[in-house]
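Working notes, structure below.
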Amino acid sequence: MPAQQDQSVFPFEGSSYRGPAPQYAELRACPQSVAKVPTAGGVDAWLVTRYEDVKEAFADPRISRAAACGAHAPRVGGSMHTTPEMIISMDGAEHARLRKLVAGSFTVRRVEKMRPRVQEIVDELLDEMAAKGPSVDLVQQLCLPMPLTVIGELLGVPREDLQTFERHARSFATVDDRSGGEAALAGLAKLSEYIVGLIADKRANPTDDMLSELIAARDEGDRLSEEELVTFGFTLIGAGFDTTANQLGNSVLALITDHRDQWDLLVEQPGRIPVAVEELLRHVNLFATDTTGFPRVALEDVEIGGAEIKAGDAVVIALASANRDGSVFQDPDRLDVTRTHNPHISFGHGLHYCLGKTLGRIEMQVALEGLVRRFPDLRLAGSIDDLPWHTGEINHTLTSLPVTWGS
């Protein structure tokens, strides 16, 4: 029988799509909620758990992402592999420069123009689902192909390449405990090779897609380098494809099982779906470690929540914990799709506030609206205890979600 992990060691056991591990609520209740905890990586790290402290840590430039990507940076365990060239691994002027160059491609107005195409993609997938029914695997039928197709079209990936693209993207986005991250690194290499070729094609023959737009983007003579284009491409894939697929699958599971009354309410009142999506983003726990997945390092001495954090200390920001803070959210452990006061920080805060937030919201809204409209009696096929979950360390990832409908 395997030895049990020490319950005080981060990442804590007990996290699931239903919510963060119970240790976070205990820490939030402590007078000193920013606590130093031992980690699976062998170092101690400061764990930030309360909403206001989490926002402060996100916004403080002295709490650095870039410093956590160095060869000798402290390793805490339960964190996604990143490279220093990725925008999510940068700070300061370097991050600001890249963000300024790419921000024009992610304005609300520009991304909202994609809604009709997202609707077409979802409608096509739901037509196929109805034809295959009355039982399908929702992960393979909708949760994966919908964001994959959207991101592929966003980058200008030819339709005939999408299956190959999916295989490499899935490997890159999913770190597996058993392979020690080797599959993710192999997927990263294959994606890089593919995107290098795609960039060359777009540079020679620009089309109406985001990658062509990013190739042409300039700011006072500055432009994205070849390496920056490649790394931004697979950053977009990891964040925009895998994250959306997991969030959608976990959210549907929560609604049709633990919170059936909330599903039925959306069937009756689909106009509530935009508000419901915000609540699902807050309540349904995506990250397996209950954090942003990315550790940070203090560049200098800093005080957060009364804790004296020293330069060089590792800092872990518990985003899922912040979204369950009872001082901000009334009845925080309840999923309430009518919740109107909902300042969740599921897309982060401060410097690394998610560029793709509008697209993620659109995809979730369109997919859920289609499901409640066309499959109002959707339900889980089989036992929730038999659902297969990926054993990696980043997200709570369903590998299959069998559903059924009808009599």
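Nothing here was measured: the structure is a model prediction, and the numbers come from that model.
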Output all residues satisfying salt bridge (charged side-chain N to carboxylate O under 4.0 Å, His left out) with E26, sequence neighbours left out; order by chain, then residue number.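 So E26 forms no salt bridge (charged side-chain N to carboxylate O under 4.0 Å, His left out) with any residue.
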
Using salt bridge (charged side-chain N to carboxylate O under 4.0 Å, His left out) as the criterion, list what pairs up with D209, not counting sequence neighbours.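 Partners of D209 by the salt bridge (charged side-chain N to carboxylate O under 4.0 Å, His left out) criterion, ordered by chain and then number, come out as K202.
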
Set of residues satisfying side chain to side chain donor-acceptor pair (under 3.5 Å) with respect to E112, sequence neighbours excluded: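 Result, side chain to side chain donor-acceptor pair (under 3.5 Å) vs E112: R115.
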
Side chain to side chain donor-acceptor pair (under 3.5 Å) partners for D201, two or more places apart: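 D201: no side chain to side chain donor-acceptor pair (under 3.5 Å) contacts found.
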
Where at least one partner belongs to residues 345-364, residue pairs that pass salt bridge (charged side-chain N to carboxylate O under 4.0 Å, His left out), sequence neighbours excluded: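 Of all non-adjacent pairs touching residues 345-364, those that pass salt bridge (charged side-chain N to carboxylate O under 4.0 Å, His left out) are E278-R361.
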
Does anything in residues 135-155 pair up under salt bridge (charged side-chain N to carboxylate O under 4.0 Å, His left out), and if so which pairs, sequence neighbours excluded?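 Residue pairs passing salt bridge (charged side-chain N to carboxylate O under 4.0 Å, His left out), neighbours aside: R117-E153, E153-R159.
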
Report the residues that fulfil side chain to side chain contact (heavy atoms under 4.5 Å, CB included) with [X], sequence neighbours left out, ordered by chain and then residue number.
X    : result
T404 : P134, S135, R379, A381
S64  : A66, A67, D91, L299
R282 : E279, N323, R324, F329, P332, R339, N342, H344

Results of ring pair (Phe, Tyr, Trp, His ring centres under 6.0 Å) for H259 - residues two or more places apart only: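 H283.
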
I'd like to check the ring pair (Phe, Tyr, Trp, His ring centres under 6.0 Å) partners of F347; sequence neighbours left out, ordered by chain and number.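 Testing F347 for ring pair (Phe, Tyr, Trp, His ring centres under 6.0 Å), a comparison that skips the adjacent residues, returns none.
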
Pairs flagged by ring pair (Phe, Tyr, Trp, His ring centres under 6.0 Å) wherever residues 16-41 is involved - sequence neighbours left out: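 Non-adjacent pairs meeting ring pair (Phe, Tyr, Trp, His ring centres under 6.0 Å): F12-Y24, Y17-W389.
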
